[in-house]
Amino acid sequence: MNKHDTLEKLHKLLKADQIITEHAKLYDAAADRYKKYAKAKEQLNVPLPTAIVLPESASEVAELLKFCNENAINVIPRSGKTATEGGLENWKENTLVIDSARLNQIVKIDKYNMEATVQAGVCLQTLEDEVRKLGLTTGHSPQSKPVAQLGGLVATRSIGQFSTLYGGIEDMVVGLECVFPNGHISRIKSVPRRAGGPDIRHVVIGNEGTLCFITEVTVKLFTFYPENNRFIGHLIKDVPSGIKILRDVMAAGYRPSVARVYSEEDAAQHFSAFHEGKCVLIFMVEGPSGIVKATIDGINAIIEQHAAGILKPVKSQLIEDWFNHLNWSQARIEQEVSDMVNHSRHDGFTTEISASWEMIPKIYDRVIQRIRSEFARSEDLTMLGGHSSHSYINGTNMYFVYNYNIHCEPKDEMRIYHHPIQRIIVEETLKLGGSMCHHHGIGKYRNEWTKEEHGSAYYILQGLKETFDPQGIMNFGCIYPQPGTEHFFE
């Protein structure tokens with residue numbers, strides 16, 4: 001079906017105000033923040049979608065998906081527009097972006113059972129503001145919190161700044177509703193736990209719009225104790241010293257809400273008031289007062305055991321002030337776009353991976369060494385470092401962060417700068433048994449490594465696609481590698 005016929009049929013399925021065909025909005029929908037520089041400079045090398053559609057119910061989503069499934073029309077599910085890995089980028093001529101913006105109702109906040117049910121288009125900040133009135137919190141706080149929506153957070157397997165205590169989104173979702181390409185609406189009920197076969201929530205959580213469209217989510221709630229928040233900060237000798245402290249804190253059973261280690265370069269862009277050119281270690285602890293006290297005492301005792309790696313303490317108020325200004329608002333996103341348009345610069349990129357405690361320092365060292373010695377434009381680097389910000393009993397993550405002076409055409413930036421750096425990061429991570437994507441997802445620009453990421457277990461991932469999306473209409477090129485798409489990497 002061509003674009004003209006697609007639009008004609010859409011007007012029979014939806015009201016006119018549910019169909020967007022304005023050029024500027026279609027251009028905005030053609031890519032996410034992955035190609036942010038080329039996008040801002042209006043040099044995207046991808047086709048514009050046919051339309052953005054705004055369903056108002058799960059049944060309308062079902063009708064749209066059935067129509068697309070029957071007519072081989074590509075679908076990109078969208079909820080919040082904060083994706084960073086190309087998952088929202090369009091690689092097909094005839095594509096519908098199905099946006100959850102009008103699925104924006106808070107269905108129920110259940111204080112007694114400690115859960116909230118919302119439609120997929122509800123902004124996380126909106127839900128958080130409502131539950132805070134009841135003395136509760138979602139516990140989820142990614143930097144995109146002011147603009148991110150629940151459907152997108154679940155679809156991309158999001159994580160938040162306080163994950164070491166509350167977990168990732170997969171630990172918070174207790175129920176959901178989603179729609180598959182054949183129009184089938186599935187509801188996964190909310191229960192504390194069940195052993196009724198494999199956990200089917202995880203077919204949906206993290207699917208990145210490749211299997212289904214999420215329409216509703218039920219998440220856990222937690223008691224909020226802001227009066228008990230405590231902060232610890234130290235300048236430390238190096239990244240490995242900080243990783244050892246994080247490891248011992250987690251292994252001892254303590255659960256701070258935040259536990260982070262920053263390299264010298266990364267610390268310089270975050271902690272200009274106090275970093276002194278050194279690495280930085282920070283903790284935040286929250287919860288009931290007794291737990292907070294015990295956790296603070298335990299962390300301080302472990303830090304004392306690693307005194308050789310500690311240089312000096314940092315005032316807790318400085319750490320608290322930094323946290324209070326960490327999130328990205330829509331205004332900050334717009335400011336970055338303005339800087340790209342007017343000053344040919346951006347706020348840099350991140351590539352986040354995870355691995356065991358033993359391997360993270362090795363991956364970090366190898367990546368930094370290879371980039372500095374092999375990257376052809378290393379003289380253009382203005383920042384190269386990283387931080388660990390999400391820790392577990394058996395390992396942690398590493399956010400590699402980098403920026404550079406851009407000396408090329410906007411359309412060439414990813415090929416010349418970003419892709420070579422990201423390739424080194426992924427290669428070294430996979431060599432040492434880590435995961436190439438801790439929480440931003442695979443998107444479309446790490447799909448060349450999807451099979452290597454999963455190894456023999458790719459059989460399971462491939463089976464899900466063949467079963468739930470046999471016509472291949474859901475988010476072409478995302479997660480699953482597709483032949484003939486190599487030119488989008490150029």
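As the structure is a computational prediction, the values presented were derived from the model and not from experiment.
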Flag for E128-T137: side-chain donor and acceptor within less than 3.5 Å: yes
Short side-chain donor-acceptor distance under 3.5 Å, D321 and Q317: yes
Ring centroid separation F162 to H390 under 6.0 Å: no
Pairing residues for F476 by the ring-ring contact (aromatic ring centres under 6.0 Å, His included) criterion, not counting sequence neighbours: none
Set of residues satisfying ring-ring contact (aromatic ring centres under 6.0 Å, His included) with respect to Y445, sequence neighbours excluded: Y34, W91, H419, F489
Flag, side chain of S354 to backbone of T396, donor-acceptor distance under 3.5 Å: no
Test side-chain contact (heavy atoms from CB on, under 4.5 Å) applied to V261 and L281, I245, V280, the passing residue: L281
Side chains of H387 and E265, donor plus acceptor under 3.5 Å: no
With D171 via side-chain hydrogen bond (donor to acceptor under 3.5 Å, both in side chains) - residues at least two apart: none
Set of side-chain hydrogen bond (donor to acceptor under 3.5 Å, both in side chains) partners for T21, sequence neighbours left out: none
Listed partners of Y392 passing ring-ring contact (aromatic ring centres under 6.0 Å, His included), at least two apart: H438
Stacked cation flag K36 on F349, 6.0 angstrom / 45 deg: yes
Y402 ring center within less than 6.0 Å of H418 ring center: yes
Donor-acceptor contact present, side-chain N447 to main-chain G477, <3.5 Å: yes
Contacts of type salt bridge (charged side-chain N to carboxylate O under 4.0 Å, His left out), residue E177, not counting sequence neighbours: R187
Qualifying residue, where the test is side-chain contact (heavy atoms from CB on, under 4.5 Å) with N90 and the options are V97, N475, N74: N74
Counterpart residues, salt bridge (charged side-chain N to carboxylate O under 4.0 Å, His left out), relative to E70 (two or more places apart): none
Check: E89 main-chain N/O paired with K444 side-chain donor or acceptor under 3.5 Å: yes
T156-E208 side chain donor-acceptor pair, cut-off 3.5 Å: no
Verdict with supporting geometry, Q161 and S389, side-chain hydrogen bond (donor to acceptor under 3.5 Å, both in side chains): CA-CA 7 Å; Q161 296 156 15; S389 51; over 6 Å; no
Q149 side chain to S100 side chain, donor-acceptor N/O pair below 3.5 angstrom: yes
Partner residues of S289 under the side chain to side chain contact (heavy atoms under 4.5 Å, CB included) criterion, sequence neighbours left out: N228
Partners passing side-chain hydrogen bond (donor to acceptor under 3.5 Å, both in side chains) against D99 (at least two apart in sequence or in another chain): R78
Modelled atom types, side-chain donor and acceptor of T6 and T50, under 3.5 Å: no
For W322, ring-ring contact (aromatic ring centres under 6.0 Å, His included) partners two or more places apart: Y262, H270, F271
Residues in side chain to side chain contact (heavy atoms under 4.5 Å, CB included) contact with N71, at least two apart in sequence or another chain: M1, F67, I73
Non-neighbouring partners of E227 that pass side chain to side chain contact (heavy atoms under 4.5 Å, CB included), sequence neighbours left out: Y225
Between S344 and K41, a side-chain donor and acceptor under 3.5 Å: yes
